[in-house]
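Here is the structure we will look at.
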Amino acid sequence: MKGINLEVPAGKLYSIVGPSGAGKTTLLQIIGTLSQPASGKVFINGQNISVMNERQLADFRNRQIGFVFQFHYLLPEFSALENVCIPAFIAKTSRKEAEQKAREYLDFLGLSHRLNHKPGELSGGERQRVAVARALINNPSVILADEPSGNLDTKNREDLHELFFTLRDRFKQTLVIVTHDESFAAQSDAIIRMKDGLIEE
């Protein structure tokens with residue numbers, strides 16, 4: 001990263017695009033508190049995360065940031081419902097409340113009939129929607145996604161992209177998404193183009 005200066009307004013969907021090695025994932029990891037910048041500050045929802053210790057960062061990450069990756073990273077031994085509940089359990093939400101919220105999100109995502117299925121029993125598109133529900137469970141300030149549709153076929157990719165815009169429009173969710181899909185990026189509120197660790201535009 002070289003002199004990055006970026007502000008993402010609440011309720012907007014920003015796409016980060018650029019060639020491999022441009023720094024897209026590194027920028028996303030810094031925003032998501034997974035990596036620390038050598039200098040500078042990062043604020044999320046008015047809080048300076050640059051001064052937090054590891055324990056504070058872990059708690060902040062759990063409660064304020066939702067992650068969706070190219071690979072869903074669902075735990076294979078747990079059902080869809082259980083996978084979605086895990087961040088809520090970490091946040092010390094009661095089992096009853098966590099499961100109720102998880103059911104609501106999975107129902108919204110069209111997966112009410114797959115609650116008790118394990119990841120190996122779900123399609124690629126279904127697994128990624130479970131990952132989205134997991135990202136939403138703690139009502140985060142921002143959702144960060146790194147090539148979330150990279151492993152999906154055309155239909156599931158389009159469905160996932162439509163879901164992201166629905167989250168923005170209906171739920172005023174803030175999203176920052178790394179993507180190689182120019183047609184998706186073109187529909188974003190803004191496109192952040194990166195090259196060699198710099199924002200070009």
Side-chain angles (χ1 to χ4, degrees), residues 1-70 73 84 86-93 101 105 131-149 160-161 163-181 184-201:
M1 299 292 99
K2 304 170 186 175
I4 296 292
N5 187 14
L6 173 66
E7 181 176 355
V8 179
K12 299 296 184 182
L13 189 158
Y14 276 33
S15 290
I16 303 176
V17 302
S20 297
K24 303 183 300 297
T25 295
T26 301
L27 175 58
L28 207 68
Q29 289 176 339
I30 289 173
I31 296 171
T33 78
L34 297 173
S35 296
Q36 290 293 314
S39 62
K41 297 178 180 178
V42 180
F43 289 84
I44 296 179
N45 212 16
Q47 297 188 63
N48 183 1
I49 63 173
S50 307
V51 299
M52 295 181 182
N53 60 36
E54 285 300 320
R55 185 171 183 176
Q56 291 170 326
L57 282 173
D59 183 65
F60 183 88
R61 190 183 305 126
N62 172 247
R63 296 174 184 274
Q64 298 292 333
I65 304 172
F67 294 95
V68 183
F69 301 100
Q70 180 174 354
Y73 294 118
V84 174
I86 289 172
F89 292 154
I90 293 171
K92 297 184 169 52
T93 304
K101 289 175 67 176
Y105 280 122
V132 170
R134 180 182 58 190
L136 290 167
I137 190 71
N138 285 338
N139 300 316
S141 297
V142 60
I143 288 180
L144 306 177
D146 193 357
E147 292 288 353
S149 60
L160 183 63
H161 291 168
L163 170 60
F164 286 139
F165 289 117
T166 298
L167 294 176
R168 178 198 64 184
D169 297 338
R170 287 180 53 183
F171 298 100
K172 309 305 178 187
Q173 183 69 60
T174 307
L175 303 104
V176 181
I177 300 174
V178 169
T179 183
H180 284 299
D181 191 315
F184 169 72
Q187 300 174 67
S188 305
D189 294 300
I191 301 174
I192 304 160
R193 295 194 181 277
M194 295 191 66
K195 184 178 181 181
D196 298 329
L198 292 165
I199 292 179
E200 290 191 307
E201 59 176 300

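Computation of the quantities below employed the complete heavy-atom set of this structure, encompassing side-chain atoms and omitting hydrogens, waters and symmetry-equivalent molecules.
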Quick one: do Arg134 and Val68 satisfy side chain to side chain contact (heavy atoms under 4.5 Å, CB included)? Show the steps, please. CA-CA 9 Å; Arg134 180 182 58 190; Val68 183; over 6 Å; no
Applying side chain to side chain contact (heavy atoms under 4.5 Å, CB included) to Leu13 and Phe164, what does each step give before you reach the verdict? CA-CA 8 Å; Leu13 189 158; Phe164 286 139; 4.0 Å; yes
With side chain to side chain contact (heavy atoms under 4.5 Å, CB included) as the test, would you mind laying out the steps for Gln173 and Leu136 before giving the verdict? CA-CA 9 Å; Gln173 183 69 60; Leu136 290 167; 3.8 Å; yes
Under the side chain to side chain contact (heavy atoms under 4.5 Å, CB included) criterion, do Leu175 and Phe165 qualify, and how do the steps go? CA-CA 9 Å; Leu175 303 104; Phe165 289 117; over 6 Å; no
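The line from OG1 of Thr93 to CD1 of Ile137 is 7.5 Å long, rounded to the nearest 0.5 Å. For the atom pair CD (Gln64) and CG (Asn45), the distance works out to 5.5 Å, reported to the nearest 0.5 Å. The NZ atom of Lys12 sits 12.0 Å away from the OG atom of Ser188 when rounded to the nearest 0.5 Å. Expressed to the nearest 0.5 Å, how far CG of Leu144 lies from CD1 of Ile65 amounts to 6.0 Å. The distance from atom CD1 of Ile16 to atom NE2 of His180, rounded to the nearest 0.5 Å, is 11.5 Å. For the atom pair CD (Gln187) and NE2 (His161), the distance works out to 9.0 Å, reported to the nearest 0.5 Å.
Salt bridge absent: Asp59 and Arg55 never bring a charged side-chain N and a carboxylate O closer than 4.0 Å. With salt bridges taken as basic N to acidic carboxylate O contacts below 4.0 Å, one links Arg168 and Asp189.
Residues Arg63 and Ala91 share a closest heavy-atom pair of NH2-O, 3.3 Å. Heavy atoms only, all atoms of each residue included: Pro148 and Ala145 are closest at CG-CB, 3.7 Å. Here the closest heavy-atom approach between residue Ser15 and residue Ala185 is recorded as OG-CA, 3.6 Å. Scanning both residues, Leu27 and Met194, for their nearest heavy atoms gives CD2-SD, 3.6 Å. Taking every heavy atom of both residues into account, Ile49 and Ile31 meet most closely at CD1-O, 4.0 Å. Between Thr174 and Ala10, the shortest heavy-atom distance links the atoms OG1-CA, 3.2 Å.
Taking the side chain as every heavy atom from C-beta outward, Ile192 and Leu6 approach each other to under 4.5 Å. You'll find the side chain of Tyr105 stays beyond 4.5 Å of the side chain of Val132, heavy atoms only. Side-chain contact check for Ile44 versus Phe60: some heavy-atom pair is nearer than 4.5 Å. Side-chain contact check for Ser50 versus Phe43: every heavy-atom pair is 4.5 Å or farther apart.
Within the 3.5 Å criterion, the main-chain N or O of Asn53 finds a donor-acceptor partner in the side chain of Gln56. Side-chain atoms of Ser35 do not come within 3.5 Å of backbone N or O of Gln29 as any donor-acceptor pair. Judged by distance alone, with hydrogens and angles left aside, the side-chain atoms of Lys24 form a donor-acceptor pair with the main-chain N or O of Gly18 at under 3.5 Å. Between the side chain of Arg193 and the backbone N or O of Ile199 there is no donor-acceptor pair closer than 3.5 Å. Side-chain atoms of Thr179 do not come within 3.5 Å of backbone N or O of Glu147 as any donor-acceptor pair. Remark: the backbone N or O of Lys41 is not paired with any side-chain donor or acceptor of Asn48 at under 3.5 angstrom. In this structure, Asn62 contributes its side chain and Pro87 its backbone to a donor-acceptor pair below 3.5 Å.
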